[in-house]
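Please read the structure below before turning to the comments.
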Amino acid sequence: MTEDHFEVSGVVGPIDIRVDKWGVPHITAQNAHDVFFGQGFCAARSRMFQLDWWRRRGLGRISEVLGSSYLERDRAARLFLYRGDMRSEWLAYGNDTKDIVAAFTAGINSWIDQTRENPELLSPEFSLLGYEPDYWCESDVVRIRSHGLYANIDRKSHARLRSGTSGQRWMICERSASLGSQSGFRTA
């Protein structure tokens with residue numbers, strides 16, 4: 001195991017993240033905000049590309065990275081975006097949901113800050129595709145909640161791709177396949 005230390009702002013006290021031999025992070029902190037901040041930081045550290053891609057997909061912003069051939073897909077995704085009143089939407093969840101999501105997204109953004117200072121921390125997909133992850137805001141989590149619905153609809157497109165009935169291919173899959181398996185991170 002390796003031990004990494006990061007200086008972050010926006011937390012009350014120290015956060016300890018230990019990743020066990022199965023790759024499961026165990027997060028301890030002195031308060032709930034810092035635990036969820038740590039969870040966002042840890043998720044971003046190990047899965048920044050996946051998180052960014054889900055966000056882009058849910059917000060209809062894939063064409064910004066892969067080009068105009070994805071504009072129609074982005075338009076379709078934007079049809080499912082939540083456009084209601086955010087205050088009443090947050091009130092529909094648990095009392096502390098907005099605070100939890102705010103801490104979680106702050107943790108994601110803190111990892112993005114780390115990568116802006118040290119680009120080598122980014123996974124290779126970002127340099128391969130020539131872009132950096134965007135910062136998150138709390139409302140992104142609510143706005144892209146339809147991702148699951150959209151993903152189900154998109155499975156039919158995947159089936160067409162596998163069956164050869166569609167001329168389009170996934171650029172990201174082609175490019176990522178050449179990268180091979182990447183090892184995860186370990187902290188103690």
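Excluded from the calculations below are hydrogen atoms, water molecules and symmetry mates; all remaining heavy atoms, backbone and side chain alike, are included.
- With respect to R61, the side chain to side chain donor-acceptor pair (under 3.5 Å) criterion is satisfied by exactly one of D74, D134, D52: D134.
- A pairwise comparison of heavy atoms in R18 and D16 identifies NE-OD2, 2.8 Å as the closest pair.
- Annotation for G13 and Q30: closest pair CA-OE1, 4.4 Å, computed over non-hydrogen atoms.
- Across all their heavy atoms, R78 and L59 have their closest contact at NE-O, 3.4 Å.
- Across all their heavy atoms, G58 and L81 have their closest contact at O-CD2, 3.0 Å.
- Neither V8 nor I100 shares a network with the other; the hydrophobic side chains, linked directly or stepwise wherever heavy atoms of I, L, V, M, F, W or Y lie under 4.5 Å apart, form separate groups for each.
- One distance of note links OG of S123 with CG of L128; it measures 10.0 Å at 0.5 Å rounding.
- Under the 3.5 Å distance criterion, the side-chain polar atoms of D34 are left unmatched by any main-chain donor or acceptor of I15.
- Residues V141 and L91 do not share a hydrophobic cluster, defined by chaining ILVMFWY side chains whose heavy atoms lie under 4.5 Å apart.
- Residues E132 and R116 are paired through a salt bridge, judged by an N-O separation under 4.0 Å between the basic side chain and the carboxylate.
- Across all non-hydrogen atoms, the minimal contact from I144 to W54 is CD1-O, 4.1 Å.
- Distance check, rounded to the nearest 0.5 Å: CG of D99 to OG1 of T97 gives 9.0 Å.
- The aromatic rings of F49 and F126 sit perpendicular to each other, their planes meeting at more than 60°, with 30° as the lower class boundary.
- In N118, the CG atom is crowded: over 12 heavy atoms of neighbouring residues, nucleotides or ligands sit closer than 6.0 Å.
- A continuous path of Ile, Leu, Val, Met, Phe, Trp and Tyr side chains, each step under 4.5 Å between heavy atoms, connects L122 with F41, placing both in one hydrophobic cluster.
- Under the 3.5 Å distance criterion, the side-chain polar atoms of S110 are left unmatched by any main-chain donor or acceptor of A106.
- Inter-residue side-chain proximity for W90 and V142 is flagged as met; some heavy-atom pair is nearer than 4.5 Å.
- Y131 and L71 fall into different hydrophobic clusters, where Ile, Leu, Val, Met, Phe, Trp and Tyr residues are linked whenever their side-chain heavy atoms come under 4.5 Å apart, directly or through other members.
- The number of heavy atoms from other shown groups lying within 6.0 Å of CZ (R83) is above 12.
- Note on F37 and V12: separate hydrophobic clusters, where clusters join Ile, Leu, Val, Met, Phe, Trp and Tyr whose side-chain heavy atoms are under 4.5 Å apart, directly or indirectly.
- When all heavy atoms of G60 and A77 are compared, the pair lying nearest together is CA-CB, 3.8 Å.
- Two residues are said to be in side-chain contact when any heavy atoms from C-beta on lie closer than 4.5 Å; R45 and L121 fail this criterion.
- Separation of atoms CG (D140) and OG1 (T105) is listed at 8.0 Å; rounding is to 0.5 Å.
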field: Working for side chain to side chain contact (heavy atoms under 4.5 Å, CB included), residues I108 and M48
entry: CA-CA 8 Å; I108 292 173; M48 189 68 246; 4.1 Å; yes

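- Contact of the L66 side chain with the L129 side chain is registered, since non-hydrogen atoms from C-beta on lie closer than 4.5 Å.
- Taking the six-membered ring for Trp and the full ring otherwise, the centers of F104 and W136 sit at least 6.0 Å from each other.
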task: Take F36 and I27 through the side chain to side chain contact (heavy atoms under 4.5 Å, CB included) test and state the conclusion after the steps.
output: CA-CA 9 Å; F36 289 108; I27 304 166; over 6 Å; no

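- Note: S63 OG to R75 CZ = 8.5 Å, rounded to the nearest 0.5 Å.
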task: Apply salt bridge (charged side-chain N to carboxylate O under 4.0 Å, His left out) to E64 and R56, showing your working.
output: CA-CA 9 Å; E64 294 174 3; R56 284 184 176 281; 2.9 Å; yes

query: side chain to side chain contact (heavy atoms under 4.5 Å, CB included) between V101 and Y93: does it pass, once the steps are laid out?
result: CA-CA 11 Å; V101 171; Y93 302 119; over 6 Å; no

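- Separating the NZ atom in K98 from the CD atom in E89 is a distance of 12.0 Å, to the nearest 0.5 Å.
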